[in-house]
Structures are given as structure tokens and as C-alpha cells.
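For reference, the structure is listed below as C-alpha cells.
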Amino acid sequence: MHLSILSPHAASNQMFDEPDSHEFLKSLNPEQQAAVLQVDGPMLILAGPGSGKTRVITHRIAHMIHSGIDSRNIVALTFTNKAADEMKNRLSEMVPGHRATASTFHRFCSRLLRVYAPQIGLSENFTIYDTSDSKKLFKQAIGETELDLRHYSIANISQEVSNLKNRGIMPDTFEPKPGNYLHRIVSSVYPQYQKLLQLANGVDFDDLLMLTGQLLIENDDLRASLDSRFSHMMVDEYQDTNLAQYRLVRLLNRDYPNLAVTGDPDQSIYGWRGATLSNILEFERDFQNVRIVRLEQNYRSTKSILSVADMLIANNFRRKPKALRTDNARGEPVSLVGYRNPEIEANEIAESIRHAIRKENRRPNDFAILYRTNALSRALEHALRIHGVPYQVVQGLEFYQRREIKDLLAFTHLINNPADAIAFERVINVPTRGIGAKTVEKIRRYSIDNRVQITEAARRAGLIDSLAKSTATKISKFVAMYDRICESRDLPVAEIIQKIIDQTGYRDWLIEAGTEEAHERANNIDELVVAAAEFDRQHPEDGGLEAFLEQAALVNDTDAWESASEFVTLLTIHSSKGLEFPCVYIIGLEDGILPHERSSSNDDELEEERRLLFVGITRAQDRLQLSRCESRYRKNGYWPCIASRFLMELPRDEMNVHEPRSINDYGGDEEEPWSKDLDPWLHDGVPEIDINDDTVREHVSEFAKPKNPANKIPQTKILQTQSPLPKGSQQNDDSREQPSYEDVPKFPRLVTAADLAKEQEAGTAIRKIHPEVFKLGMRVGHPLYGTGVISELSGSGLKKTAHVDFGEYGCRRFRLSHSPLLPVESE
DNA sequence: TATTCGCAAGTTTTT
DNA sequence: CTTGCGAATA
């Protein structure tokens with residue numbers, strides 16, 4: 001991209017030697033210049049994808065600094081650590097030694113709260129609970145209230161509380177709607193939950209924002225001083241702000257409304273998390289004399305890609321129309337491919353990437369494969385391994401969510417915050433030391449009833465009547481060990497963690513188990529120590545236990561992603577936001593996946609799904625392939641899939657369409673649409689990959705070989721774990737629930753989404769039947785061909801094949817392990 | 001009362 | 001395919 005002409009050194013020199021240097025602005029287009037040069041007053045920067053937004057922000061800050069604004073008065077707020085880090089890095093290159101703040105909302109709030117914690121009833125060493133910890137606390141809070149939870153899950157309740165927190169509603173200001181049962185539950189759980197949080201000296205993610213807002217509202221002096229301290233504020237991805245964040249932005253820009261927000265309504269994809277699109281749509285109303293700058297020039301994608309993106313997003317109603325332009329070449333057409341199943345999809349993509357790397361001089365890190373849900377990465381990982389293509393999976397929170405890591409971090413949390421009840425319960429009996437659930441419950445009870453820290457309660461185990469002497473002794477031993485470790489609390493973090501591992505014997509305990517999994521876990525522990533050591537190295541001044549824990553709570557694995565590394569990147573569309581890749585594959589474009597089945601109930605959700613695809617498409621620089629499958633293994637069987645409705649909105653004549661004619665596309669006006677090649681059921685779900693096959697083996701690089709040959713194809717595993725035979729009576733019940741095959745309309749049959757939904761709802765669609773169930777001469781049903789008789793059986797295991805005579809529809813062959821065939825009771 | 005084993009159930013996206 | 005829960009056992 002021509003935008004990177006400015007080398008770091010050239011930039012800073014130019015800027016400081018010759019403030020209004022032509023060089024500095026030359027690399028920016030007129031709109032970008034306008035955004036950079038005006039530093040006072042509220043500004044809305046509507047930045048389309050690939051429009052050089054980050055560049056504008058960093059230049060703008062640089063410009064502020066050189067026009068005399070103290071860099072300490074500048075703050076840039078982002079959503080992800082990744083974005084914050086990138087901003088910091090770029091800014092440091094342009095203005096070495098600057099003191100501006102670039103941070104996520106959550107971290108910004110956390111810093112603030114640590115300073116003012118006492119004012120909101122916390123101490124500065126509070127723990128930040130992640131979602132799963134918060135869920136546990138909810139569970140306990142619910143336990144305290146003895147409510148009937150038949151109709152609402154913990155997820156429902158915590159979601160509702162989260163909504164309330166986003167709106168700044170505290171337990172004492174919550175007014176439940178009369179007649180709303182969920183509200184009734186929440187009205188007693190919410191206060192209880194907050195009480196437990198406070199007792200544990202902990203906050204959840206929502207609290208970070210809410211409590212900071214609360215603090216500023218209740219303390220206007222503080223608000224005013226922070227408003228002036230951060231006189232110049234920028235907010236990135238403003239379309240993703242929720243109400244709590246919005247409130248903070250307003251509070252900190254009252255006296256000094258030098259606020260620039262950047263965003264793109266079309267890229268708002270966090271509505272489910274409370275993001276309020278109206279924040280950006282109504283920015284002009286919220287602030288006076290708003291200057292609006294539109295960055296519509298796209299420097300990233302080819303014309304082909306951009307036009308596909310444009311056509312798609314034009315279907316949304318709730319948006320500000322904008323024109324995406326680019327001077328880039330038209331480029332190759334966007335591909336739209338239909339595959340038979342995910343294994344083939346993965347295999348072909350892996351192959352084409354491998355080919356591009358070998359023959360087209362592409363590098364692995366030129367490629368990204370995007371998907372709606374993390375679960376879709378499995379087939380790809382497997383295929384990439386088979387083809388020897390190096391890849392990395394960007395999966396949010398993976399490392400820090402592992403059990404062993406959580407265990408050790410919990411211990412670390414407990415050292416930092418002796419009140420941390422969740423951490424205490426996590427570590428008290430890990431490794432097992434004979435302190436079970438009942439005992440823990442008694443300690444917890446004591447802690448709550450006497451309003452003492454959980455460790456204090458444990459310390460007084462001897463005073464708890466209901467505890468046996470021997471149990472109290474065990475607890476005392478634990479407390480003694482805890483105290484020993486606490487002596488090291490001021491050492492470097494890596495040493496503290498090492499000490500925990502040594503004192504608790506955690507690692508030895510794992511090794512003792514002897515399983516392969518245990519060794520894996522032991523390795524992860526070592527990795528944690530390395531990570532801690534790395535943290536110590538990077539934070540010689542501002543380090544320490546608390547800083548480390550905060551970091552661990554607020555980072556995710558996405559942040560560790562490195563674009564420089566030589567890997568194909570696999571990631572969700574959500575986490576791809578803000579990134580760009582030369583070649584992008586978006587997979588699983590099927591109804592129910594994108595749009596997701598749980599996000600297509602109303603138009604707002606559907607529009608968000610469309611924006612999600614828009615975000616995915618606009619990650620691509622010069623090559624884009626969209627693909628879908630005709631059947632997919634979901635829940636417990638292969639299910640036919642309908643093409644995503646979004647695909648119908650794309651300009652197909654401009655695209656390269658490789659869709660096999662499929663059951664979904666035929667309305668009935670075709671003469672003879674079916675042929676063996678086109679019949680998805682004649683090709684079972686297993687790609688014919690066999691690493692023992694010589695023709696394939698040469699493609700398998702040494703490291704890519706699976707350790708266990710039985711693992712060579714995922715389906716093998718699935719079959720092996722299947723119970724040998726479905727229980728007889730169960731089996732009959734199942735078949736009786738099947739729709740009558742005589743009712744199935746004659747093909748060609750158009751399978752609609754509604755059909756599928758109906759079948760799914762009945763829970764009786766294609767169900768997997770063990771191959772051994774089928775016997776010669778048995779009457780079987782098929783969703784398309786009706787009933788038939790098994791005329792021939794051959795092969796065994798995975799390859800067991802049946803020939804079925806369907807009468808007027810002829811004789812067809814099926815791999816029984818993957819067929820939709822079901823036994824039919826004969827009258 | 002703790003531990004271990006087996007089975008069931010629930011699986012979007014993230015700070 | 002994981003985690004969570006319940007029953008059986010030590």
C-alpha cells in the first residue's frame with residue numbers, strides 16, 4: 001500500500017523539524033487531512049473498511065502533539081487490546097516518547113477504579129471476574145435466594161443483569177416490571193450477586209464500566225478533573241459502544257468536548273453484547289457543532305471485492321448509505337463455491353492454499369480463513385495438517401480458560417486478593433487434599449454470615465462447629481501453605497507462580513495421573529511460567545502481581561496473533577475485524593450458520609449478521625472466496641444445508657460461481673436434474689483421504705502426520721465413539737416418530753429452510769443409524785426417494801454399503817455410515 | 001464425606 | 001466434544 005511510504009524516522013523528523021511539513025500530509029487524502037487537522041470540538045469520522053482509519057487516528061494524535069497539546073491530555077479508547085497496542089506502536093514510531101494513553105475501555109476503567117476503589121466499596125486489589133467466574137457467583141447468588149429456576153437459566157439471568165449494568169441500573173435503582181417473572185428473579189438475585197462480588201472484592205466486566213460511570217456521576221469534581229485531564233479523546237469503533245461506554249464518553253467530554261469518534265455503522269457486529277447502533281447514528285444530536293468527515297476511499301480491496309461488499313450491505317435498512325470507492329484494480333472476480341460437505345470444503349481450500357503457496361509465490365500469512373463459529377475450524381485444521389500447510393487458529397480466550405491455567409491463576413488471584421471467594425473455591429481442593437464440597441460450603445457460609453474474607457473464614461476453621469477436627473486440620477494446613485506462598489508476593493510474578501506450583505505440588509500431581517492429557521497440561525503450566533517471566537521482563541517498573549493478573553483478565557488470545565508469522569490464519573469473522581489479508585476464504589455460508597439460527601429471529605439481528613458478512617468480505621485485499629456446503633455434520637448427523645440467503649444478494653454475474661447443481665437450487669422446471677454426480681447422498685461424508693495411500697502420503701509432511709493413524713479422518717473417530725448398537729426398543733420408538741415416507745413429495749423436491757426447521761423442531765430428521773442395523777431385504781426410508789428394499793449389502797464398518805431398490809426411482813447405493821436411510825416397519 | 005467414574009446435556013460472536 | 005452433575009464406591 002502506498003500509505004506506508006512514510007518511514008518511522010522520516011515521519012518523526014519531518015514532524016518535529018518542520019511542523020506543517022508537506023511530507024506529513026502528502027500521504028493523506030483530502031478527507032483524511034481534514035480529519036487530522038481539526039483537533040478541537042466533536043468530530044464524527046465515518047470510516048469505511050480499509051479507509052486508513054488507524055492511520056488517521058495516529059496522525060491526528062501526532063498532529064495534536066506537535067501543535068502544542070500535552071500528550072498526557074490525549075487518550076484513545078479502543079475495544080480490543082490488539083487495536084490499542086497497534087495504536088501505541090504506530091504512535092511511538094511517529095512520536096517517540098509521547099505520553100498519550102491508548103487503551104481499551106475496560107482497561108482504562110480498571111486503572112481508574114484501582115485508584116478510587118475505596119469510594120465504591122472495593123479495595124484496590126480487586127479481582128476482575130471473567131464470564132465463567134461470574135456465572136459461578138450467579139449460581140451462588142441464586143442459591144441464596146431459593147428461587148424456582150425452571151423457566152430461566154443462569155445464562156438468562158446473567159444476561160439480564162448485564163443489560164441492566166450496561167444501562168447503569170444498580171440493584172437499588174432497579175424497578176422490575178410487574179408481571180415479568182424474569183424481573184422478579186433478577187430483583188432478588190442481582191442484589192445478592194453484587195453483595196457476593198463485593199464480599200469477594202471482585203468486579204465483573206460490566207462493573208468496570210458501570211462502576212466507573214457511577215463514580216463519575218457521584219463525584220463531579222473527579223469527573224471534571226478527568227474531563228480536563230483527558231481533554232482530547234478519541235474513540236475507535238464507536239459503532240460498538242454500549243450504553244455504559246457511551247455514558248463514560250459523555251461524562252468525560254462535558255467541559256472539553258474535543259472528542260473524535262471513528263466508526264462505521266455497517267461494521268457494527270456487537271449488538272448482542274449491548275452495542276447500541278444509535279450511539280453513532282445519533283452522535284450529531286448528542287454533541288453540538290459536530291464536524292463529520294467521511295472516509296470512503298478504500299485502499300485495501302479490489303474493485304470486485306468492494307462491489308460484492310457494497311451490493312450485500314445495500315440490503316440493510318438501518319444504515320447511513322455510503323459510497324465505497326477504490327482506485328485499486330478490478331482484480332480477479334470473487335469466487336462463490338458450493339461444496340458437498342465440510343470435509344471436502346476444507347480439503348479443497350487447503351489444497352488451493354498449498355497450490356498458491358507453491359506456484360504463485362504466496363506466503364502462508366497471505367491467507368485467512370474466516371467462519372461464523374469457532375466449531376467450524378475443525379475440518380480445516382485437519383485438512384491443513386494433511387496438506388502440510390502451517391496454520392494458526394486464533395481462538396479467543398483459549399489459553400487462559402484451560403483448567404490448569406485457571407487453577408494456578410486462581411491461586412495467584414487469592415494471593416493478591418484474599419477475599420476472592422471464587423478463587424478460593426477453585427484451589428482449596430486442587431490438588432485434592434480431602435476438602436470436599438460440603439466443607440467448602442461451610443466455610444463459605446461462615447464467610448457470608450460473618451462478613452469476613454474467605455481466607456479469614458478458612459483461618460477460623462477451628463471455630464466452625466459443624467466441621468470435624470480432622471477436616472479443620474486439613475484446612476489449617478492449606479492456610480499455612482497459603483501464608484508461606486504469600487511471603488513471596490513481592491517477588492517477580494514468574495517466581496510467585498513457580499512457588500505456587502512447587503508448594504502445591506500441582507505439576508507432580510498432574511504427572512502422577514500419567515495420561516497424555518496430563519502431560520499436555522503440565523506443558524501448559526510451564527508455558528504460563530514462561531508467559532509470566534516474559535511479563536516480568538516487559539514490565540520492570542509497572543509490573544507486579546496485580547498488573548499481571550489484570551493483564552491476564554483483560555487479554556485474549558487474539559492479542560497474541562502475529563501477522564508476521566508464517567501461518568495461515570483461522571479465525572472467526574468477529575475477531576477478524578480490523579485485520580486485512582491478501583486472500584480470504586469465508587466458509588460455511590449457510591442458513592443457520594450465517595445468518596446464525598439464533599440470530600435470525602428479527603430484522604435487527606438479521607441485519608447484524610449481514611454486517612458480519614460485510615466485515616468478513618472487506619478483510620480481503622485481492623482474492624476472496626465464499627463457500628458453502630450442501631450438508632454438514634451438526635449435532636448428531638449430516639444435515640442438508642440451505643445456501644445462506646445473503647448469497648442471493650450478491651452480484652452473481654460478476655462472480656466466479658462454482659456451485660454444483662444441488663438439491664437446493666432446483667425448483668422443478670429442470671428436466672432431469674438428477675445424476676449420480678449430483679446426488680449428494682451417493683457421496684458419503686468422508687473424503688477419500690487415506691494417509692496410508694501412497695498417492696496421498698507424499699503430500700503429508702513429516703510433522704503433519706497424525707500421531708495416531710486411527711485419527712486420520714475425523715469421521716472415523718465419531719463412528720468409534722458411537723455405541724455399538726442403538727437399544728432395540730429405543731430404535732423402534734424412533735422409527736415410529738419418523739414422518740411417513742409415503743407422504744414425501746416426488747422429486748425433484750425443493751428443500752426449503754422451513755422444511756428443515758420443521759424437521760429439526762420435530763427432532764426426527766435424518767438420524768444416524770448404526771450400519772449393522774441394516775439387513776438384507778429390509779424396508780428402508782429415504783427423505784427423497786421414499787421407501788425401498790435393501791437388495792444388496794457389501795463391505796463392512798465405515799465402508800458398509802447397501803444397494804436399495806426404490807422402485808420407480810431406481811436402485812441406489814449408500815454408504816450406510818453416512819446415509820439418511822432409516823429402517824421402516826413393514827406392515 | 002471424598003473421590004471417581006459414567007452419563008447427560010448443551011454448544012455464537014468477546015471485553 | 002466438552003463440562004457438569006449424579007450415583008456408586010472407598
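Throughout, protein chains are lettered first and strands after them, A, B, ... in sequence-line order, and every chain is numbered starting at 1. These numbers come from the heavy atoms of this one structure, side chains and all, not from hydrogens, waters or symmetry mates. Since the structure is predicted, the reported quantities are computational estimates derived from the model, not experimental observations.
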When you measure from the side chain of A:Lys442, which nucleotide among B:dT14, B:dT3, B:dT1 comes out closest?
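Nearest listed nucleotide: B:dT1.
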Kindly point out which of B:dT1, B:dT11, B:dT13 is positioned nearest to the side chain of A:Lys438?
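Minimum distance to the A:Lys438 side chain belongs to B:dT1.
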Distance in angstrom units between [X] [atom1] and [N] [atom2], rounded:
{"X": "A:Ile428", "N": "B:dT3", "atom1": "CD1", "atom2": "P", "answer": "11 Å"}
{"X": "A:Ile573", "N": "B:dT14", "atom1": "CD1", "atom2": "P", "answer": "11 Å"}
{"X": "A:Lys474", "N": "B:dT1", "atom1": "NZ", "atom2": "P", "answer": "11 Å"}
{"X": "A:Asp240", "N": "B:dT13", "atom1": "CG", "atom2": "P", "answer": "17 Å"}
{"X": "A:Ile587", "N": "B:dT13", "atom1": "CD1", "atom2": "P", "answer": "13 Å"}
{"X": "A:His596", "N": "B:dT11", "atom1": "NE2", "atom2": "C1'", "answer": "9 Å"}
{"X": "A:Lys469", "N": "B:dT1", "atom1": "NZ", "atom2": "P", "answer": "15 Å"}
{"X": "A:Gln245", "N": "B:dT14", "atom1": "CD", "atom2": "C1'", "answer": "12 Å"}

Contact class for [X] (heavy atom, under 4.0 Å): base, sugar-phosphate, or nothing?
{"X": "A:Phe79", "answer": "sugar-phosphate"}
{"X": "A:Lys577", "answer": "nothing"}
{"X": "A:Thr439", "answer": "sugar-phosphate"}

Pairs meeting criterion salt bridge (Lys or Arg N to Asp or Glu O under 4.0 Å) with involvement of residues 431-440 of chain A, two or more places apart
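Residue pairs with at least one partner in residues 431-440 of chain A: there are none.
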Look at [X] together with [Y] and state whether they make a salt bridge at an N to O cut-off of under 4.0 Å.
{"X": "A:Asp130", "Y": "A:Lys406", "answer": "yes"}
{"X": "A:Lys88", "Y": "A:Asp85", "answer": "yes"}
{"X": "A:Arg628", "Y": "A:Glu345", "answer": "no"}
{"X": "A:Arg114", "Y": "A:Glu550", "answer": "yes"}
{"X": "A:Arg632", "Y": "A:Glu343", "answer": "no"}
{"X": "A:Arg402", "Y": "A:Asp407", "answer": "no"}

Mind listing the N/O atom pairs, protein and nucleotides 4-10 of chain C, below 3.5 Å?
residue: C:dC5; atom: OP1; partner: A:Lys139; partner atom: NZ; Å: 2.5

Is the phosphate of B:dT14 approached by A:Ser575 (side-chain N or O, under 4.0 Å from OP1 or OP2)?
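So the side chain of A:Ser575 is within the cut-off, an N or O lying under 4.0 Å from OP1 or OP2 of B:dT14.
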May I ask you to evaluate whether A:Asn429 reaches the phosphate of B:dA2, defined as a side-chain N or O under 4.0 Å from OP1 or OP2?
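Looking at the OP1 and OP2 atoms of B:dA2, neither is under 4.0 Å from any side-chain N or O of A:Asn429.
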With a centroid cutoff of 5.5 Å and a plane-angle limit of 30°, would you call A:Trp272 stacked on B:dT13?
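Stack criterion met.
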Where do N or O atoms of nucleotides 5-7 of chain B meet protein N or O atoms at under 3.5 Å, pair by pair?
none

Between A:Thr432 and A:Glu608, which residue's closest nucleotide on DNA chain B lies nearer the 5′ terminus?
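It is A:Thr432 whose nearest nucleotide is closer to the 5' end.
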Taking for each residue the nucleotide of DNA chain B with the nearest heavy atom, is it A:Phe105 or A:Arg433 whose nucleotide lies nearer the 5' end?
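Its nucleotide being nearer the 5' end, the pick is A:Arg433.
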Side-chain donor or acceptor of A:Asn417 paired with backbone N/O of A:Asn201 under 3.5 Å:
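Confirmed, A:Asn417 side chain pairs with A:Asn201 backbone.
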Can you check whether A:Thr80's main-chain N or O pairs, donor with acceptor, with A:Thr78's side chain at less than 3.5 Å?
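Yes.
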Think A:Arg273 forms a cation-pi with A:Tyr270, using NZ or CZ under 6.0 Å from the six-ring centre and within 45 degrees of its axis?
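Pair A:Arg273/A:Tyr270 counts as cation-pi.
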